[in-house]
J.: 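I am attaching a structure below and will ask some questions about it afterwards.
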Amino acid sequence: MTHIAQNESRHAPSSKGGVVRALVTGGAGFIGSHLTRKLLAQGAQVTVVDNLSTGRRDNLPREHPNLRFIHARLSAALPALDMSEFDECYHLAATVGVELVVRDPIASIENNVGQTASLLDALTPHRVPTLIASSSEVYGKRICEAFRETDDSLLGPTTAFRWSYACSKALDEHLALAHHAHHGLPAVVVRLFNTVGPGQVGDYGMVVPRFVRAALANEPIRVFGTGEQSRCFCDVRDVVEALINLLRCAPARGRVFNVGSDRAISINALAELVRTELESSSEIAHTPYAQAYGPGFEDLAQRRPDLTRIREAIGFTPRIELRQTVRDIAQHITTATARGGHAREDTSPCPR
């Protein structure tokens with residue numbers, strides 16, 4: 001199945017014959033499915049590769065003339081794909097979510113690094129513009145007001161599995177940038193900061209949908225730690241538009257970009273916002289990190305991106321307010337429940 005193109009981006013892709021042909025890995029996941037639907041709406045031909053380990057086929061249209069879905073592990077699908085047919089690639093396939101990573105660090109490391117290496121090797125000979133989804137986790141334990149792309153990383157010890165995800169995503173970045181520098185691959189790296197929105201669930205540690213689901217059920221909203229730690233949450237619909245614009249912006253290639261919101265909110269305030277917006281009677285309960293993640297877990301007091309670089313490149317400014325995102329997540333869960341489903345979608349790359 002295939003695609004046809006009306007490009008909404010301000011930066012035109014280098015399509016052959018006027019039809020943008022995109023490869024999206026992890027395209028049945030949370031961010032991946034939103035991105036795929038956005039590309040389809042623009043008229044692109046989209047090939048999605050996803051093994052559905054955390055994503056869901058139902059996140060994407062069952063029948064669409066411009067969508068080809070391949071249910072396979074990426075490394076298994078690559079030999080059958082002709083990379084010369086693609087105009088662009090968005091690599092979102094990854095093991096993500098703090099709870100999942102802490103539970104199985106071996107799979108996280110091997111999956112994130114191995115799959116990325118195989119993909120880059122396949123794409124490089126054809127110079128396919130490629131976006132690599134990384135994470136704010138690569139900044140590690142650094143304490144600063146706002147993280148800049150040029151800042152040093154400061155990771156915890158290798159004995160703390162909590163940092164294995166950050167290491168794997170940093171290696172992905174090194175690989176992509178090395179392919180760009182040494183082999184001319186037009187690669188862009190994005191560090192995602194807390195992407196949230198309709199279709200996301202809290203199964204793997206994602207805080208906003210977990211809070212929303214508890215509030216809808218009038219159950220305790222469980223806050224890990226003191227709740228004074230702050231984060232910046234960006235709606236997935238703003239994020240996927242930025243991803244497309246960055247990949248289609250030639251001066252962005254060979255560079256790293258923070259993608260997210262720079263409006264911080266404490267986790268306690270987030271819990272209160274969710275409770276208020278959904279008119280819930282839920283109490284707010286605190287759970288020690290050791291109980292939630294195991295002994296020795298470390299978290300940052302704040303994580304806020306500096307967005308100067310992405311604003312200069314594509315004029316990016318998040319438009320959707322957090323309270324609107326909360327209401328949309330709640331509506332998605334309520335609608336899915338009414339239909340007899342459980343609104344269980346992937347949390348694919350939605351880093352902390």
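Being a predicted model, the structure only gives us computed values, none of them experimental.
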J.: I'd like to know if the side chain of D151 and the backbone of R148 have a donor-acceptor N/O pair within less than 3.5 Å.
T.: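 Yes, because the side chain of D151 sits within donor-acceptor range (under 3.5 Å) of the backbone of R148.
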
J.: Begin from the C-alpha positions of R68 and T47 and carry the test side chain to side chain donor-acceptor pair (under 3.5 Å) through to its verdict.
T.: CA-CA 5 Å; R68 173 174 55 164; T47 296; 2.9 Å; yes

J.: Do the charged groups of E241 and R319 touch, with an N to O distance under 4.0 Å?
T.: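 Between R319 and E241 there is a salt bridge, with a charged N closer than 4.0 Å to a carboxylate O.
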
J.: Looking only at the side chains, is there a donor atom on one of E173 and S134 sitting less than 3.5 Å from an acceptor on the other?
T.: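 Per modelled atom types, E173 and S134 side chains form a pair under 3.5 Å.
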
J.: Have H91 and T116 got a donor and an acceptor in their side chains that come within less than 3.5 Å?
T.: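 The criterion, which ignores hydrogens and geometry beyond distance, is satisfied for T116 and H91.
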
J.: Just by distance, no angles: are the side chains of Q324 and D328 close enough, under 3.5 Å, to form a donor-acceptor pair?
T.: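 Indeed, the side chains of Q324 and D328 share at least one donor-acceptor pair under 3.5 Å.
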
J.: Identify the heavy atoms of H126 and A122 that sit nearest to each other, and give their distance.
T.: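 So the minimum-distance heavy-atom pair works out to CD2-O, 3.5 Å.
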
J.: Transitively linked via ILVMFWY side-chain contacts under 4.5 Å: I320 with L273?
T.: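 Not linked; separate clusters.
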
J.: Using a strict 4.0 Å threshold on nitrogen-to-oxygen distance, state whether R21 and E85 make a salt bridge.
T.: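 No, this pair does not count.
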
J.: How far apart are the C-alpha atoms of R327 and E321, what are their side-chain angles, what is the distance that settles it, and do they pass the salt bridge (charged side-chain N to carboxylate O under 4.0 Å, His left out) test?
T.: CA-CA 10 Å; R327 290 195 293 266; E321 296 287 338; over 6 Å; no

J.: Once rounded to the nearest 0.5 Å, what's the spacing between atom CG of D172 and atom CD of Q115?
T.: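 Rounded to the nearest 0.5 Å, the CG-CD separation comes out at 10.0 Å.
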
J.: Distance-only, no hydrogens or angles: does the Q200 side chain make a donor-acceptor pair with backbone N or O of V236 under 3.5 Å?
T.: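 Pair absent, no side-chain N/O of Q200 close to backbone of V236.
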
J.: Between T226 and N268, what is the shortest heavy-atom contact and its length?
T.: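 It is O-ND2, 3.1 Å.
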
J.: Give a yes or no on whether R323 atom CZ has more than 12 heavy-atom contacts from other residues, nucleotides or ligands under 6.0 Å away.
T.: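 Counting other residues, nucleotides and ligands, CZ of R323 stays at 12 neighbours or fewer.
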
J.: Evaluate the salt bridge (charged side-chain N to carboxylate O under 4.0 Å, His left out) criterion for residues R303 and E137: first the C-alpha distance (whole Å), next the side-chain angles of each, then the deciding distance (0.1 Å), finally the verdict.
T.: CA-CA 9 Å; R303 182 170 288 149; E137 283 282 308; 3.0 Å; yes

J.: Enumerate donor-acceptor pairs with a distance under 3.5 Å from any side-chain N or O in residues 182-190 to protein atoms, sequence neighbours excluded.
T.:
none

J.: Do other residues, nucleotides or ligands put more than 12 heavy atoms under 6.0 Å from H174 NE2?
T.: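 No, because the 6.0 Å sphere around NE2 of H174 holds 12 heavy atoms or fewer from other groups.
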
J.: Side chains of K141 and L155: closer than 4.5 Å at any heavy-atom pair?
T.: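 No, too far: nothing below the 4.5 Å cut-off.
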
J.: Counting distance only, does the side-chain N/O of H34 pair as donor-acceptor with the main-chain N or O of G199 below 3.5 Å?
T.: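 Side chain of H34 to backbone of G199, a donor-acceptor pair under 3.5 Å: no, none is there.
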
J.: Quick check against the 3.5 Å criterion: does R210 have a side-chain atom that pairs as donor or acceptor with the backbone of I221?
T.: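 Answer holds: no.
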
J.: So F193 and F147, would you call those rings parallel, tilted or perpendicular, with 30° and 60° as cut-offs?
T.: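 Tilted, since the angle between the ring planes falls between 30° and 60°.
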
J.: Of the non-hydrogen atoms in A94 and N111, which two are nearest, and what is the gap between them?
T.: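 For A94 and N111, the tightest heavy-atom pair comes out as C-ND2, 3.7 Å.
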
J.: If you compare all heavy atoms of L52 against all heavy atoms of R57, which two are closest, and at what distance to 0.1 Å?
T.: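 Closest approach of L52 to R57: CD2-N, 3.6 Å.
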
J.: Without hydrogens or angle criteria, can the side chains of H179 and T124 be said to hold a donor-acceptor pair below 3.5 Å?
T.: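 Yes, T124 and H179 have a side-chain donor paired with an acceptor closer than 3.5 Å.
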
J.: Please check this pair: side chain of T25 against backbone of A93, looking for a donor-acceptor N/O pair closer than 3.5 Å.
T.: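 Yes, T25 side chain to A93 backbone: donor-acceptor pair under 3.5 Å.
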
J.: S164 and I109: which non-hydrogen atoms are nearest, and at how many Å?
T.: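 Closest approach of S164 to I109, heavy atoms only: CB-CD1, 3.7 Å.
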
J.: Around atom CZ of F233, are there more than 12 heavy atoms from other residues, nucleotides or ligands closer than 6.0 Å?
T.: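 Check passes, neighbour count above 12.
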
J.: Under a plain distance cut-off of 3.5 Å, with no hydrogens placed, do D306 and T308 share a side-chain donor-acceptor pair?
T.: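 Yes, side-chain donor-acceptor contact under 3.5 Å.
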
J.: Using atom types as modelled and distance alone, determine if a side-chain donor or acceptor of S108 lies under 3.5 Å from a backbone N or O of D104.
T.: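 Not at all, since once roles are kept as given, no pair shorter than 3.5 Å links the two residues.
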
J.: Do V138 and L243 share a hydrophobic cluster, counting only Ile, Leu, Val, Met, Phe, Trp and Tyr and linking them when any side-chain heavy atoms are less than 4.5 Å apart?
T.: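 No; tracing contacts between hydrophobic side chains, which count when under 4.5 Å, never links both residues.
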
J.: If we ignore hydrogens and angles and just use 3.5 Å, is the side chain of N112 paired with the main-chain N or O of S168 as donor and acceptor?
T.: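 Side chain of N112 to backbone of S168, a donor-acceptor pair under 3.5 Å: no, none is there.
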
J.: Linking I/L/V/M/F/W/Y whenever their side-chain heavy atoms sit closer than 4.5 Å, directly or via other members, would I284 and L322 fall into one cluster?
T.: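 Looking at the clustering, L322 is in the same group as I284.
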
J.: We want to know whether S136 and R191 form a side-chain donor-acceptor pair, criterion being a heavy-atom distance below 3.5 angstrom.
T.: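 R191 and S136 do not have a side-chain donor-acceptor pair below 3.5 Å.
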
J.: When you compare the side chain of R62 with that of F69, does any pair of heavy atoms fall below 4.5 Å?
T.: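 When only atoms from C-beta onward are counted, R62 and F69 do not touch, as no gap falls below 4.5 Å.
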
J.: Are F224 and H286 packed together at the side-chain level, in the sense that at least one heavy-atom pair is separated by less than 4.5 angstrom?
T.: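 No, every pair of side-chain atoms sits at 4.5 Å or beyond.
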
J.: Taking the side chain from N59 and the backbone from S33, do they hold a donor-acceptor pair closer than 3.5 Å?
T.: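 Pair absent, no side-chain N/O of N59 close to backbone of S33.
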
J.: In chain order, what residues pass the side-chain hydrogen bond (donor to acceptor under 3.5 Å, both in side chains) check against S281, with sequence neighbours excluded?
T.: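 In terms of side-chain hydrogen bond (donor to acceptor under 3.5 Å, both in side chains), with neighbours along the sequence ignored, S281 is linked to N218.
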
J.: Return the OG to CG distance between S84 and L123, rounded to the nearest 0.5 Å.
T.: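 Between atom OG of S84 and atom CG of L123 there are 11.0 Å.
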
J.: Membership question, hydrophobic clusters at under 4.5 Å side-chain separation (ILVMFWY): are I265 and I267 in the same one?
T.: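 Yes, I267 connects to I265 through the hydrophobic network.
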
J.: Would you say R37's side chain and L60's backbone share a donor-acceptor pair under 3.5 angstrom?
T.: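 Judged by distance alone, no pair lies under 3.5 Å.
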
J.: Is any side-chain heavy atom of L270 less than 4.5 Å from a side-chain heavy atom of F211?
T.: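 The answer is yes; the side chains approach within 4.5 Å.
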
J.: Between the main-chain N or O of Q229 and the side-chain N or O of S266, is there a donor-acceptor pair closer than 3.5 Å?
T.: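 The answer is no, because no donor-acceptor pair under 3.5 Å joins these two groups.
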
J.: Which heavy-atom pair separates V46 from V24 by the least distance, and what is that distance?
T.: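 Taking every non-hydrogen atom into account, CG1-CG2, 3.9 Å.
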
J.: Name all pairs fulfilling the salt bridge (Lys or Arg N to Asp or Glu O under 4.0 Å) condition that reach into residues 119-132, sequence neighbours left out, sorted by first residue then second.
T.: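 Pairs touching residues 119-132 that pass the test: none.
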
J.: How long is the straight-line distance from OG of S280 back to CD of E272, given to the nearest 0.5 Å?
T.: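 E272 atom CD to S280 atom OG measures 10.0 Å (nearest 0.5 Å).
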
J.: Could you tell me if the side chain of I244 sits less than 4.5 Å from the side chain of L246, heavy atoms only?
T.: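 SC-SC contact between L246 and I244 ruled out.
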
J.: Determine whether E312 and R309 satisfy the following criterion, salt bridge (charged side-chain N to carboxylate O under 4.0 Å, His left out), listing intermediate values before the conclusion.
T.: CA-CA 5 Å; E312 291 175 348; R309 180 176 288 188; over 6 Å; no

J.: Quick one: do R248 and E88 satisfy salt bridge (charged side-chain N to carboxylate O under 4.0 Å, His left out)? Show the steps, please.
T.: CA-CA 9 Å; R248 296 176 182 178; E88 55 190 29; 2.9 Å; yes

J.: Check whether any side-chain heavy atom of L67 sits under 4.5 Å from a side-chain heavy atom of T36, and report yes or no.
T.: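 Heavy-atom side-chain distance check passes, below 4.5 Å.
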
J.: Would I70 and L23 show up in the same hydrophobic cluster when neighbours are defined by side-chain heavy atoms closer than 4.5 Å?
T.: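 Hydrophobic grouping puts I70 with L23.
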
J.: Going by heavy atoms in the side chains, are T276 and E279 under 4.5 Å from each other?
T.: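 Not touching, per the 4.5 Å side-chain cut-off.
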
J.: For R311, does the CZ atom sit with more than 12 other heavy atoms under 6.0 Å from it, leaving out its own atoms?
T.: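 Count over threshold, so yes.
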
J.: Evaluate the side-chain proximity of I132 to T130: yes if any heavy-atom separation is below 4.5 Å, no if none is.
T.: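 T130 reaches I132 side chain to side chain.
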
